Structure formats: structure tokens, C-alpha cells
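Read the structure below first, then the notes.
Keep in mind that the numbers below use all heavy atoms, side chains included, and drop hydrogens, waters and symmetry copies. In this text, all values refer to a predicted model and were calculated from it rather than measured experimentally.
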Amino acid sequence: MKVYADTIDKASGIIYVLIRGRHVWQPLIMDLMALIIVWSNSWGQIPYFPPKSGGFGTRPYNLGRNHDIKDARYFSGSLYYHLWFFDIPLGGVMKKILVLGAGLVARPLVRYLLESPELHITLADQMEEKARELIGNSPSGKAVAMDAASGEMLGRAVVDSHVVISLLPWTLHPMVAKLCLEHKKHLVTASYVKEEMQAMDEEARQKGLIFLNEIGVDPGIDHMAAMKIIDGIKASGGTVTSFYSYCGGLPAMSNNNNPLGYKFSWSPEGAMLAANNDGKYMKDGSIIEVPGDKLFEHYWLTDIPGSGVFEAYVNRNALPYLKLYGIESAHSIYRGTLRNIGYCETWHFFKKLGLLNRKMMFNMSDTPPSQVIANIINSDGRDIKRDVARHLNIPDSSLTLKKLEWLGMFSSECLNIKGTISVFEMFAHVLKQKLTYDDGEVDLLLQHHEFIGEFPDGRREKILATLVDTGTPGGDSSMSKTVGLPAAIAAKLICLGEIDVRGVCIPVYPEIYRPVLDELERLNIKFNEKKITL
């Protein structure tokens with residue numbers, strides 16, 4: 001009895017194994033099936049004896065894909081010669097994913113991917129120790145030190161991967177994307193598609209690549225949850241006439257223990273920059289534009305089922321989503337950010353006071369916050385609170401003044417900052433120190449969608465879809481889960497060949513949003529839906 005495994009077709013990646021001897025194949029089945037498990041997307045033909053047959057056939061065994069294996073072969077004649085062959089993906093034993101950045105949202109993403117035996121993860125960060133801590137002792141991953149600004153170093157890492165997940169600041173995504181184009185690698189990010197990224201669409205399509213962006217929570221889960229409802233309405237013959245979408249990351253009620261009603265589960269700089277964004281939406285056919293300097297003056301209160309009442313202010317420009325979501329006939333569309341009561345007024349005054357100024361510079365080694373404020377508003381500093389009240393045209397008893405005092409902005413003691421920085425950077429430093437989650441505290445992620453659908457029989461329905469998710473005490477924040485897990489799931493699907501969409505895109509396609517939402521629900525991140533007949 002002999003086993004011959006000397007024929008390897010390198011062009012196709014198929015290994016042929018000829019087993020001689022009637023019963024030899026039986027004890028080898030488990031070993032050969034184990035080989036299939038090792039290789040992502042691999043499949044094998046398992047010999048079996050068809051009933052009432054003088055020969056034998058082959059039954060497909062497939063771990064990595066859901067679709068059937070075609071052209072399963074049937075061999076007639078002698079029972080003593082059995083042919084095995086395994087389709088092993090070219091390019092290595094495992095599919096390799098390069099994750100750039102070991103920051104605040106990386107842990108759930110990395111841990112999810114490490115649980116997949118068909119994947120190997122390389123986690124790159126400037127601080128190798130951070131990456132090593134996330135990888136732990138897993139044999140399916142490795143940590144490397146990398147300066148993302150080094151194109152040469154980054155390029156070498158991209159070459160040795162199948163999919164790149166960029167958790168870097170969005171400003172670095174175009175550089176990563178260009179390297180992915182050069183080396184023909186797929187790309188996944190949770191960031192908005194900017195013009196420079198969109199400009200790579202045609203080349204990515206030509207090279208058979210997917211550059212999947214906006215696959216986080218907002219943007220990300222919001223797109224996917226919306227498309228699920230929209231496609232459902234269309235499948236019933238209906239038309240979407242109105243769509244309002246809200247999302248917010250907040251401290252859980254039990255940990256909402258500071259006067260600003262907010263804490264940062266990531267770097268505050270991004271939220272501070274977004275505080276100057278313009279907004280645009282459509283209500284009853286009329287387009288409403290909100291300039292950045294009026295952003296926090298234009299808000300309303302909205303009730304989120306099961307959670308309470310929150311402020312909502314406009315999140316960027318909602319109008320492009322009429323086309324992206326395929327609801328051009330809608331006469332109302334809005335995308336809003338949720339915050340606790342009082343947030344909008346507070347941040348309106350922070351902006352008016354000049355705390356987001358990136359041009360004014362101060363030597364923080366000898367300039368306390370009170371003196372910075374005094375210089376901004378041309379105060380002599382003898383009664384800084386009174387002068388701030390006059391500058392903002394608010395009462396001396398205003399809650400905004402108490403919040404500024406709680407943040408330490410009226411303090412005459414210098415901050416623990418060396419050198420000259422901008423007012424913006426100083427305020428970011430203060431927020432990092434004061435608005436943080438203590439050990440054991442958890443955050444709250446809210447996402448709420450309201451649709452109105454009209455149907456051919458004259459029926460009108462309001463459909464509500466609400467996601468309420470909290471972080472794990474001592475574990476992952478809800479923000480890190482809802483940003484990191486969708487990106488991780490999508491990257492795995494790309495590796496397994498389950499997503500055929502190509503080019504620069506967002507997750508509005510059924511072949512993306514259906515499996516991602518299903519997997520998120522398995523991980524207990526799910527929406528509750530309610531229909532109301534109007």
C-alpha cells in the first residue's frame with residue numbers, strides 16, 4: 001500500500017494525491033481534511049462509494065466557502081485507485097491581513113480576526129509593545145513596529161498581505177491606497193470616502209480590487225442597517241419617501257458623571273475638527289443648509305426608544321445618500337449626531353470663545369489656561385469669569401461658565417505641557433485629561449433610523465430600527481466594537497472570496513451588508529425594528 005503525492009500543478013495550485021489500496025484512504029480522511037482546514041478557501045474531493053456502483057465518486061469538502069464546488073469527478077472501474085486533489089490558494093498557506101494601527105478601536109477587530117484559523121494577522125504600529133499586547137500569544141498573528149509615514153517600510157508590509165485594514169488617521173488613507181494599487185491588494189477602512197480616494201475607483205476596478213470604506217459604525221453600520229430596510233421596502237413594491245438617521249456615542253447613563261455629559265472613547269481631535277463641519281439635509285422637499293459656525297445652534301430634541309431624549313444636530317451633507325441609497329424619490333433625508341441635553345449650547349460657546357483656534361500659539365510652559373483665555377478675549381485677567389460672560393453675552397450664573405471652570409480653563413496653574421502649541425491643541429489636552437472613562441466604566445452606542453414607506457395599495461408605514469449597545473466593563477468599549485468589528489468581518493469575507501464588488505465603495509451592497517449584519521447579530525450587536533401604520 002503506497003501513497004503518491006508527487007504531482008503538484010503550480011499554475012493552478014492543485015495538489016493531486018494518488019492512493020493505492022482499497023482501504024488506505026479511510027485512515028487518511030481526517031488528516032487530509034485537516035489539511036483543507038489549514039488553507040483558506042481550500043477544498044478537496046473526498047472519495048466515497050456510490051450505492052450499487054462498481055466504481056466510486058468524489059464528494060466536495062469545503063470549509064471556507066458557502067457555494068457548491070462544481071465539476072465533482074466520478075471515477076468508474078477499479079476500487080483500488082483513488083484520486084485526491086486539493087485546491088490550495090496561490091500566494092501562501094494562509095490569507096494574510098495587514099492591520100495598520102493598534103489604537104483605541106483595534107482590539108476587538110484584531111481579536112476577532114485572530115479567531116479565524118484561515119487567517120494570519122500582522123498588526124503594525126509605531127509602538128510595537130501596543131501591537132504585541134493585542135496579539136498576545138496567538139500563533140495566528142505577529143506584531144511589528146512601523147512608522148506609517150515611511151512609504152518604503154509600509155510598502156514592504158503591504159506586499160506581504162492579501163488585505164490591508166487601515167485604522168490610521170484618514171489623512172494617511174490615500175498613501176496606503178496608492179500602495180495597495182501598486183501591489184494589487186484589497187483595502188478596508190472605516191473612514192469617509194474623500195475625493196482623493198474616490199479618484200482611485202477606476203484603477204482599482206481594472207485591477208480587480210475592492211477598496212471598501214465607511215465600514216465602521218457611523219459611517220458603516222448606519223449604511224448597512226438603512227439598506228436592509230430600504231431594500232425590504234422596495235421588495236414589497238414600496239417607495240421610501242422619508243429617511244432620518246441618528247447616531248451617537250455617549251457615556252452609559254450610570255457613568256454619565258461629568259457636567260459636559262460626554263466622554264471620549266477615542267482621540268478628541270477628530271470630534272473637535274468635526275465641530276466646524278457644514279451640514280445639509282432635505283425636509284419636505286426643501287434643502288436646509290447649516291454653515292459650520294451655526295452647527296450647534298441648529299439642533300432639536302428627539303426621543304430614542306428605550307433610551308431617552310437627546311439632542312440631534314446635523315451630520316455633514318445627507319443629500320448624496322439619496323443616490324447612494326437609491327431613494328431619489330424621497331422628499332426628506334437627514335443624518336444627525338446624538339448628544340446628551342446641553343451639549344450643543346456648550347460647544348457653541350466653546351467655539352465662540354475661540355477654544356478651537358489652531359492659529360493662536362502659546363508657550364504652555366509659562367502660560368496657564370486662564371491667561372490663554374484672557375489673551376483670546378483681550379481681558380486683563382483680574383475677573384476672567386466675568387469677562388468671559390461678557391464676551392459670550394451670557395449671565396454670570398451660566399452653566400457654561402461652571403463647565404469651563406470644571407475643565408480648569410480659569411486656572412492660574414500651568415498645564416503639564418512643554419513648549420509652544422495652539423489653543424486647539426491645549427484644549428484637546430484638557431479634554432483628554434478630563435473627559436475620559438475610568439476603569440470599569442462603559443460607553444453607550446445609539447443608532448436610530450426612521451423610514452416612511454408608501455406602497456401601491458395606498459398603505460403608508462413608518463419603520464423604526466434602533467440599536468442600543470453598551471461597552472463591556474473592564475473590556476472593549478461599544479465604540480471600539482461597533483467600529484472595529486464591521487471592518488474585521490468585511491476583511492474576512494474579502495479574504496474568503498465572498499465579496500465580488502470591486503472599486504472604491506461603501507457597504508450598500510447586499511453581498512456586503514447581509515453577512516456583516518448577520519455576523520454582528522451573532523455577536524449581539526443588533527437592531528430592534530418596529531412598524532407603525534400611518
Side-chain angles (χ1 to χ4, degrees), residues 99 101-115 121 123 125-138 141 143 167 169 190 216-218 221 247-272 307-308 310 338-343 346 369 402-409 411 413 415-417 425-447 467-488 520 523-525:
V99 180
L104 293 171
V105 303
R107 185 167 70 171
L109 178 147
V110 170
R111 300 310 299 178
Y112 175 85
L113 293 173
L114 289 175
E115 292 175 357
I121 313 305
L123 179 58
D125 195 89
Q126 281 184 311
M127 300 175 63
E128 185 178 354
E129 184 59 36
K130 284 175 60 179
R132 191 180 300 116
E133 182 180 348
L134 293 185
I135 295 295
N137 298 321
S138 174
L167 301 179
V217 59
D218 180 8
I221 293 178
C247 185
L250 304 161
M253 186 60 66
S254 59
N255 302 129
N256 185 19
N257 50 14
N258 71 60
L260 274 76
Y262 192 74
K263 295 184 180 184
F264 288 97
S265 51
W266 71 97
S267 175
E269 285 85 353
M272 293 169 64
S307 299
F310 299 87
L338 296 173
R339 290 292 184 260
N340 280 314
I341 304 298
Y343 181 94
T346 296
K402 298 182 186 301
K403 292 177 180 180
L404 287 167
E405 187 169 23
W406 181 86
L407 286 170
M409 300 309 297
S411 173
E413 295 184 9
L415 299 171
N416 186 26
I417 303 175
E425 292 170 306
M426 176 206 72
F427 194 48
H429 172 85
V430 170
L431 296 178
K432 287 177 185 177
Q433 301 301 311
K434 300 290 285 187
L435 302 184
T436 58
Y437 287 90
D438 293 331
D439 291 342
E441 292 187 339
V442 297
D443 63 336
L444 170 69
L445 192 286
L446 299 174
Q447 198 166 112
L467 168 67
V468 180
D469 185 74
T470 56
T472 303
D476 294 324
S477 68
S478 178
M479 185 62 67
S480 67
K481 289 188 297 180
T482 53
V483 172
L485 287 176
L520 287 173
L523 298 170
N524 204 33
I525 298 174

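- A donor-acceptor pair under 3.5 Å links the side-chain atoms of Lys481 to the main chain of Thr470, judged by distance alone.
- Between Ser480 and Leu104 there is no side-chain heavy-atom pair separated by less than 4.5 Å.
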Does Glu269 form a side-chain contact (heavy atoms from CB on, under 4.5 Å) with Lys432? I'd like the steps, not just the answer.
CA-CA 9 Å; Glu269 285 85 353; Lys432 287 177 185 177; 3.0 Å; yes
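- Counting all heavy atoms, side chain and backbone alike, Gly101 lies closest to Leu167 at O-CD1, 3.7 Å.
- Between the side chain of Asn258 and the backbone N or O of Gly261, at least one donor-acceptor pair lies under 3.5 Å.
- Evaluation of the salt bridge (charged side-chain N to carboxylate O under 4.0 Å, His left out) test over residues 103-115, restricted to residues two or more places apart or in two chains, returns Arg107-Asp476.
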For side-chain contact (heavy atoms from CB on, under 4.5 Å), just list the numbers for Asn340 and Phe310, CA-CA rounded to whole Å, side-chain angles, deciding distance to a tenth of an Å, and then say yes or no.
CA-CA 5 Å; Asn340 280 314; Phe310 299 87; 3.5 Å; yes
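- Heavy atoms from other residues, nucleotides or ligands lying under 6.0 Å from CG of Asn416 number 12 at most.
- Considering CG of Leu338 and CG of Leu446, their distance stands at 6.0 Å, rounded to 0.5 Å.
- The two residues Leu250 and Tyr262 have their closest heavy-atom pair at CD2-CD1, 4.0 Å.
- The nearest pair of heavy atoms linking Leu445 to Gly249 is CD2-CA, 4.1 Å.
- To the nearest 0.5 angstrom, Ile525 atom CD1 is 7.5 Å from Leu467 atom CG.
- To the nearest 0.5 Å, atom OH of residue Tyr112 and atom CG of residue Leu523 are 6.5 Å apart.
- The closest donor-acceptor contact from the side chain of Asn255 to the backbone of Val442 lies under 3.5 Å.
- There is a side-chain donor-acceptor pair under 3.5 Å between Glu441 and Asn257.
- Separation of atoms CD1 (Ile341) and OG1 (Thr346) is listed at 11.5 Å; rounding is to 0.5 Å.
- Between the Asp469 side chain and the Thr482 main chain, no donor and acceptor come within less than 3.5 Å of each other.
- Taking the charged nitrogens against the carboxylate oxygens, Lys130 and Glu133 have no contact shorter than 4.0 Å, which rules out a salt bridge.
- Nearest heavy atom pair, residue Tyr343 against residue Leu260, reads CD1-O, 4.4 Å.
- Taking both residues in full, the closest heavy atoms of Leu134 and Ala106 are given as CD1-CB, 3.8 Å, listed atom of the first, atom of the second, then distance.
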Going through the distances and angles, do Thr436 and Phe264 end up as a side-chain contact (heavy atoms from CB on, under 4.5 Å)?
CA-CA 6 Å; Thr436 58; Phe264 288 97; over 6 Å; no
Give the intermediate values and the outcome of salt bridge (charged side-chain N to carboxylate O under 4.0 Å, His left out) for residues Glu129 and Arg132.
CA-CA 5 Å; Glu129 184 59 36; Arg132 191 180 300 116; 2.6 Å; yes
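- Residues Met409 and Met426 form a side-chain contact, since some pair of their non-hydrogen atoms from C-beta on lies under 4.5 Å apart.
- Atom CG of residue Asp438 and atom NZ of residue Lys263 lie 5.5 Å apart, to the nearest 0.5 angstrom.
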Which is it for Leu444 and Val468 under the side-chain contact (heavy atoms from CB on, under 4.5 Å) test, yes or no, and what are the steps along the way?
CA-CA 7 Å; Leu444 170 69; Val468 180; 3.7 Å; yes
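- The shortest heavy-atom contact between Ser478 and Asp443 is N-OD1, 2.6 Å.
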